[in-house]
Each structure stands twice: as C-alpha cells, then as structure tokens.
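Counting convention: from 1, in listed order, for ligands and their atoms alike. Reckoned from all heavy atoms, side chains included, excluding hydrogens, waters and symmetry mates.
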Amino acid sequence: MNNIDWKNLGFDYLPTNINVRAYYKDGAWSELEYTSDEYIKMHMATTCLHYGLEAFEGLKAFRGVDGKVRLFRVDENGRRLQSSARKLCLPELPLDMFVKACYEVVKQNIDFVPPYESGASLYLRPVLIGTKVGIGVKASHEAMFFVFCSPVGPYFKGGMKPIKVIIDRVQDRAAPRGTGDIKAGGNYASSIFSGEKAHTMGYSNVMYLDATEHKYIEECGAANFFGIKDGKYITPKSPSILPSITNKSLRTLAEDMGLIVEERPVPVEELASFEEAGACGTAAVISPIGYVFDIDTEEKITYGDGQTVGATCKALYDRLQDIQYGRAEDKFGWTLEVE
Ligand SMILES: *Cc1c(COP(=O)(O)O)cnc(C)c1O
C-alpha cells in the first residue's frame, strides 16, 4: 500500500518499489536485475556523462475500466530503442528483454498504477547508457539498461485545453543528418534554451522548423505535429523528426475514421489553412493547438476561437484513450495486459 494522493499527481518522480536493470559487457547482456536502490554508482569518466551516449523511451501503463492494467504498444518502444542504439553505436537490447523489463516494472509496482477513476497512469522510463570508462571519443561497448516508473497525473487537469505555441528560429532542434530521428537525450539538450525562452513568454511549446531552410514544420516541442483539413490528417515527414508512436497510432485511427492520412513536408505557410492542429506524444496524447505566433514574421494564427478543442482532435483523442483504458475493443492489438 502507499499514501499517494491520486487526484493531485503531476509529472514528477515518485519513488516506487522496484526498478529493473541489465548490463552489457564482453558482448552479452546480463540477466534482468530487480532492485529498490534508486541510485546508480558510476565512474566519473563514464562516456554517457561526457559525450551524450544515452537514449531513452517513455510509455505508460493504464488501469482500465475493467480493473485490468495495460501497457500501450511496448513493443514499438522496444524497437525504437533498438534504432536509437544502432545510431549511437550502443548495444541493442533484444526486444523480448525490453518487453519483459517493462512488464516486470509494472507488475512489481502494481499498487502504483493509479485507479481508473483518477485519469492518471503509470509512466515508464527505460534508459540505455554507454558505461565504458575512458576519455577518448569512441563507441561504448559497455552499457547499462534500466527501467523505472512513476505514477503521473493526467496531462490536462480538468479536461483537454488548447495550447499556445511559438515559432522561434533561435534554435534548431535537430539537423537532417543528426540524431533527430532517435530518442537521444542530446536532442533535448539542444531544445532547452528555446523551450525556456518560450515558457518565459507564456507559450507551452516551440514549433521547430527544418534546420536547412527553416521553411517546413518539424516538431512541436518534444511532440509530433499534425494538422487537419478537408478530411485529411496531415503530418510532417522529415529525416530529423522522431517517429512518435502516438502519431503512428493516430494515423491508424484517423484512417479508421475515414480520414485520408498524408505524411509529407508541411510548409509553415500551410499552418493558416488547417481547420485544426495538434501536438501528439505519450505525455498528453494530443495537445490541441489554439494559437500560433511567429516571432520573426509576427504572424498570428488562431484555430477556431483558440479556446475550444476541435471535433477531430477530440474524436481521435477519445478513440485512443478508449483503447488505453479498456473502454473500447483493442482491435489493432496495441495493448499488453499485466497480470
Ligand atoms: C518522445 C518524443 C515524441 C513522442 O513520441 P511518442 O512515442 O508518441 O511518445 C515526439 N517527439 C520527440 C522529439 C520525442 O522525443
């Protein structure tokens, strides 16, 4: 048992019972280890601390309307971590080991999965780090993988609300041949400055543009972007966008709802033509965009009255959450029950 106030959870780290770890050395992964230790002891010359040899994942487990606990698309996160590992020359974790680690973290912390009524969930954070000790810049053939979890509140307390975003060319998130398409911690390092600036100015997120021409939409903070118009779900395609699993799921649901899905470069000028727009990712599922301000051109775009969630955003959000919370049939096989 624990004394968590389920109604007032934010997005913070809360200690749970157990975290899971595995180590890669001499060409092989160790067995999974279970511990209540919240600390990692490492040498000060460990490569991940100096050269950013780190990749992570984020996913959630939900307690459904039927009381069952479900992990959402955990295999997709496992595959994405493998692609991150390949690009950072870190050892790949076998998919079944990733799934087992996530499954066990949920199972062994089952009392920390918030009750259905709270609208909260259990957030899982799998991390892969290069642990080779050295000073030279080279690949790390030793690594550590760990997964911990924390109960988190619903992203929008009191219901979904449109957000305000700013287009600011002060910083590019990722270069076309950089690491934008993998979930590397370093990508976040190069978004902190512009993100903080946006928050200071009263915006939730920065809309990042392509680093080559600053003509096309890339991402909205640490979330993918989509726009809705003329019965179409339109989302940017670029080599420096992180392939969001939420976006992938929304594309499937959009098609299922009869929308046409387009993945293609989306020029900034097209923003004004959308009927609805949104940012999508595990944290919020969908953050509808109510208002966009371009700091350089001073152009302002408002979707609807800027305060109301568009019908398509709402329908997509409901469909996805219905599957996550077990209110609708999981017809695409996206969930894994944790018993
Ligand atoms: C994690 C992340 C997303 C969202 O991915 P999901 O799999 O939907 O959670 C989008 N953009 C960036 C840059 C990210 O790091």
**Asked** Is Lys229 salt-bridged to Glu275, cutoff N-O under 4.0 Å?
**Response** no
**Asked** Which residue supplies the protein heavy atom nearest to atom 9 (O) of ligand 1, what is that atom called, and how far is it?
**Response** Thr282 OG1, 2.6 Å
**Prompt:** When you look for heavy atoms under 4.0 Å from ligand 1, do you find them on the side chain of Ser244, its backbone, both, or neither?
**Reply:** both
**Message:** When you compare ligand 1 with Leu242, is there at least one nitrogen or oxygen pair between them that comes in under 3.5 angstrom?
**Reply:** no
**Request:** Would you tell me whether Asn247 and Thr235 have side-chain atoms, one donor and one acceptor, within less than 3.5 Å of each other?
**Result:** yes
**Request:** Mark yes or no for whether Arg79, through its side chain, and Leu95, through its backbone, hold a donor-acceptor pair below 3.5 Å.
**Result:** no
**Asked** Which heavy atom of the protein is the closest neighbour of atom 2 (C) of ligand 1, given with residue, atom name and distance?
**Response** Lys183 NZ, 2.6 Å
**Ligand-side contact atoms (ligand 1) for residue partner Arg80, heavy atom cut-off under 4.0 Å** = 5 (O), 6 (P), 7 (O)
**Asked** To which protein heavy atom is atom 11 (N) of ligand 1 closest, and what is the distance rounded to 0.1 Å?
**Response** Glu219 OE1, 2.6 Å
**Asked** salt bridge (Lys or Arg N to Asp or Glu O under 4.0 Å) with Asp322: which of Arg70, Arg327, Lys331?
**Response** Arg327
**Asked** Counting only heavy atoms, which portion of Glu76 has something under 4.0 Å from ligand 1: side chain, backbone, both, or neither?
**Response** neither
**Asked** With no hydrogens and no angle check, is any side-chain donor or acceptor of Glu54 less than 3.5 Å from a backbone partner on Val127?
**Response** no
**Message:** When you compare the side chains of Glu276 and Thr312, does any donor N or O come within less than 3.5 Å of an acceptor on the partner?
**Reply:** yes
